[in-house]
Amino acid sequence: MQVPESIELVIVKFDQQMEPLDTHTVQAALSSARTKLVEKTPSGDAWADLVAFALQAEQEDHLPWNTYFGPMGSWKYKDGDVSYSPDPRDITPDIVDHWEQRADNLKNPVMKARYADLVWDLSRKAAGRRANIRFAHIAIDSYLASVSDGRNADDHDDVEALKRALQLSTSIRDNDRTATAKGIMVERFHVEVGKDGWWIHLYETLTTNRKCDLTDDEKNGMIAGLEKLLARCTTEETLDPHSAERVASFLLPFYSSGEDFDSVKRVGIAVSEAFEKIASSGSRMQATAWLQSAADFARRAGETDRLNRLKVEREEAIRGSSSEMQSFSYSHEFKKSEVKEYVEAILDEANWQQSLFNIAAHFIVPKQELRHQAERAAETSPLMAAITMSVIADDHVAAKVGGDDDADGPLYRHADFSRQYNRLHLCKALEGAVERHRLSPQEIAAFMQRSSLFSNLPLLIAGVKAWLEGDYVKSIFVLVPQVEDAFRNVARSLGESVTKEKRGQSGWEVSMNLGDLLSMERVKAEVGEDIHFWIRAIFADARGMNLRNQIAHGLVGREAATYYNCEMVIHCMLILGAYKDVATACARRAEAMKGEAPASVAEEPSLGPEDFVSLEEDDLALAIELEEMRQE
C-alpha cells in the first residue's frame with residue numbers, strides 16, 4: 001500500500017508527540033490531509049489511516065457488523081437501503097495488513113492501541129481471517145500504558161481505555177493482564193469518586209464483568225467510596241440531590257441483594273430528605289418534580305408515613321403550580337360566507353337523517369390522519385416532538401404524553417387540536433341541521449338509537465332536550481354516562497362479560513367501566529379503530545379529555561358544562577348511532593389519503609361527495625318510534 005506522504009507525515013507527527021493525545025484530533029488532521037489529495041492518489045491508500053480513527057468505539061449493538069468499532073452514523077433511503085459513514089464494509093484485507101504494520105511499528109500508546117485493537121476486532125469481518133492473539137496483547141498493554149503514562153487527553157479517554165483493556169483481557173482469559181487492568185481500575189475508581197468524576201463507568205464495568213473476579217474487599221471498598229460520596233451529596237453545605245440519586249442507584253441494589261434492609265432504608269431516607277430540602281426553596285413547578293423523587297425514595301425506604309406526607313405536599317405544589325403556567329394560543333379567522341358554504345356542503349337538502357350522519361362522519365378524524373399530522377409535526381419540530389409532556393390535573397399528574405413507550409401519545413394532542421379547530425364548523429353544522437329540518441329532541445335521540453346501543457331512550461331525549469334549551473349542566477351530566485352504557489351493550493352483544501371482581505373483596509363483583517370496555521379487542525374490532533380512538537380520547541384516557549372519568553369521579557364542576565363540550569358529546573352519540581357506516585366513511589378517507597402529504601390541522605378542509613356515505617335504507621321502525629313519541 002502506497003501511503004501518501006502527507007498522510008504519513010501526520011502519523012509520524014502524532015506518534016512522536018509526547019503531549020496527551022486523543023483519537024479525534026488524529027482523525028481531524030488525517031481528514032484535512034486527505035481532502036487535499038482528491039484525484040491525486042487512490043482513495044484506499046489515503047483512506048486506510050483515516051478510517052482507523054473515524055470508526056467509533058463501543059458499537060457492539062449497531063449494524064452493520066455489531067463489532068466494537070463501527071460507523072459514526074447511518075441513514076436509510078426511501079427504498080430501504082442503508083448507508084454508513086464510514087462504511088466498515090469497504091475495509092479490505094490490504095487495509096487490515098496496513099493496520100498490523102502500524103500496530104507493530106508505532107510507539108505512541110494511544111495510536112498503537114487503536115491500530116492493534118482494530119486488527120483484533122475487525123480481521124474476521126473485513127479480511128476473512130482470525131487475528132493473531134498478539135494484537136490483543138498489544139492493544140491491552142498499550143491501553144494500560146496510555147493511562148499510566150498520562151498520554152490520553154482527558155479523564156474520559158483514560159476510563160474508556162481501561163474499560164476496553166479489561167474487556168479484551170477477560171475475553172481472551174489472560175489472567176495476568178486482567179488482574180493488572182482490574183487493579184488500575186479499582187485505584188482509578190477511588191480517584192474519580194474523590195472528585196465526583198467518571199466513577200460510574202468504572203463501577204459498572206467492574207461489577208458487571210464477572211470474569212474480572214472482584215474480591216469482597218474490593219467490592220466493599222468501592223461501596224465505602226460511594227457512601228462517602230453520598231454523604232457529601234446530602235450534606236447541607238454541598239447538597240446535590242441529583243448526584244445523591246445517582247449514587248443511590250448503585251447502593252440500593254447492592255444492599256438489597258445482600259438483604260441489608262437497614263442500609264436500604266437509610267440510603268432511601270437520605271436521598272428523599274435531600275430532594276425535599278430543595279423542593280422547599282424552588283418554584284411550585286420544580287417542587288412538583290422534586291417531591292415526586294422524594295416520595296419515590298421514601299417508598300423504596302418503606303417509610304409509609306413519610307410517603308403519605310410527601311404526596312400531600314406534592315398535591316399542594318401541583319395546585320400552586322397553576323399560577324406559574326402560561327397559556328399559548330393562536331387564532332384563525334373564518335369568513336362568515338365560507339362557514340356558511342362549508343355547512344351547506346355537509347347538510348342534506350331534504351333528508352334529516354342524512355344530515356345528521358354527514359355531521360357524524362365528517363367531524364371525526366381517522367386515526368391514520370392523526371398519525372400523518374403527528375409525523376409532520378415531528379419533521380417540522382423534532383425537538384418538541386421528542387419532549388415528554390405531563391398532563392397536570394388539579395392536584396396530580398394525570399398522564400405523560402410521548403416517549404418511546406407511548407407511540408399513540410402525540411395522536412391525543414392532535415385529536416384535540418382537530419376538535420378545537422373544527423369547533424365552529426361543528427357548532428354551525430349542528431345548528432344548521434336543527435334549523436333546516438326543525439329537528440325535535442325525539443328525532444335526534446332516535447337517530448342516536450339507530451344502532452340500538454343505548455338502554456334508555458328517554459334519558460337520551462332528556463339530555464338532547466337540555467342541550468337544545470341551553471341547560472348544558474343537565475345535558476352533559478345526563479348524556480356522558482350513556483356513552484359507557486352504549487359500550488357495555490356492545491360488549492354484551494359480542495358475548496363478553498361486563499363485570500369484574502371488586503378489588504379487595506373476594507367474591508364481590510362490580511360493573512366494568514368505560515376504560516375496561518374499550519380495552520377489549522373485540523369491542524375495538526366491532527366499532528373500528530377510528531371510532532374506538534376518538535371515543536377513548538374524549539371520554540376515557542388521561543392523555544385526552546378524559547371526560548367520562550372526570551365527571552364520574554366528581555373532578556369537574558360547572559366549568560365543564562359548556563356548549564362546546566355538549567356539542568362534542570352530541571357528535572359522539574351521533575357517531576354511535578350509525579357507527580358501522582361512520583367506520584366505513586373513516587376507512588374511505590384513510591384509504592384516499594394514502595400516499596398524500598399529511599394535512600395540517602390549520603388547513604381548511606374541502607368537502608366532496610366521496611366524504612359521505614349515503615344512508616340507503618329508510619328505517620321504518622325509526623319512523624314508527626318517532627310517531628309514537630310525538631303522540632306521547
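Residue numbers count from 1 along this sequence.
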F69 ring center within less than 6.0 Å of F53 ring center: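 Between F53 and F69, the centre distance exceeds or equals 6.0 Å.
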Heavy-atom distance under 4.5 Å between the side chains of [X] and [Y], does that happen here?
X	Y	result
P64	R89	yes
D104	R134	yes
R314	Q292	yes

Partner of F14 under side-chain contact (heavy atoms from CB on, under 4.5 Å), chosen from V10, I11, V12: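 With F14 as partner, side-chain contact (heavy atoms from CB on, under 4.5 Å) holds for just one option, V10.
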Quick check on side-chain contact (heavy atoms from CB on, under 4.5 Å): which of T207, N220, L226 does F254 satisfy it with?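 Of T207, N220, L226, side-chain contact (heavy atoms from CB on, under 4.5 Å) with F254 is met by N220 alone.
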Is the shortest distance from a Lys or Arg side-chain nitrogen in D196 or R232 to a carboxylate oxygen in the other one below 4.0 Å?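 Salt bridge: no.
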D117: salt bridge (charged side-chain N to carboxylate O under 4.0 Å, His left out) partners, not counting sequence neighbours: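 Checked D117 against salt bridge (charged side-chain N to carboxylate O under 4.0 Å, His left out); matches are R164.
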Evaluate side chain to side chain contact (heavy atoms under 4.5 Å, CB included) for R151 paired with L21, printing each intermediate quantity in order. CA-CA 6 Å; R151 305 298 290 275; L21 177 66; over 6 Å; no
Test ring-ring contact (aromatic ring centres under 6.0 Å, His included) applied to W65 - qualifying residues, sequence neighbours left out: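 So W65 forms no ring-ring contact (aromatic ring centres under 6.0 Å, His included) with any residue.
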Chi angles and distances behind the side chain to side chain contact (heavy atoms under 4.5 Å, CB included) call for V147, R188: CA-CA 10 Å; V147 176; R188 185 58 178 264; 4.0 Å; yes
State, to 0.1 Å, how close P241 and A274 come at their nearest heavy-atom pair, and which atoms those are.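 Between these two residues, the closest heavy atoms are CG-O, 3.4 Å.
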Under the side-chain hydrogen bond (donor to acceptor under 3.5 Å, both in side chains) test, which residues partner T92, sequence neighbours left out?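 Result, side-chain hydrogen bond (donor to acceptor under 3.5 Å, both in side chains) vs T92: none returned.
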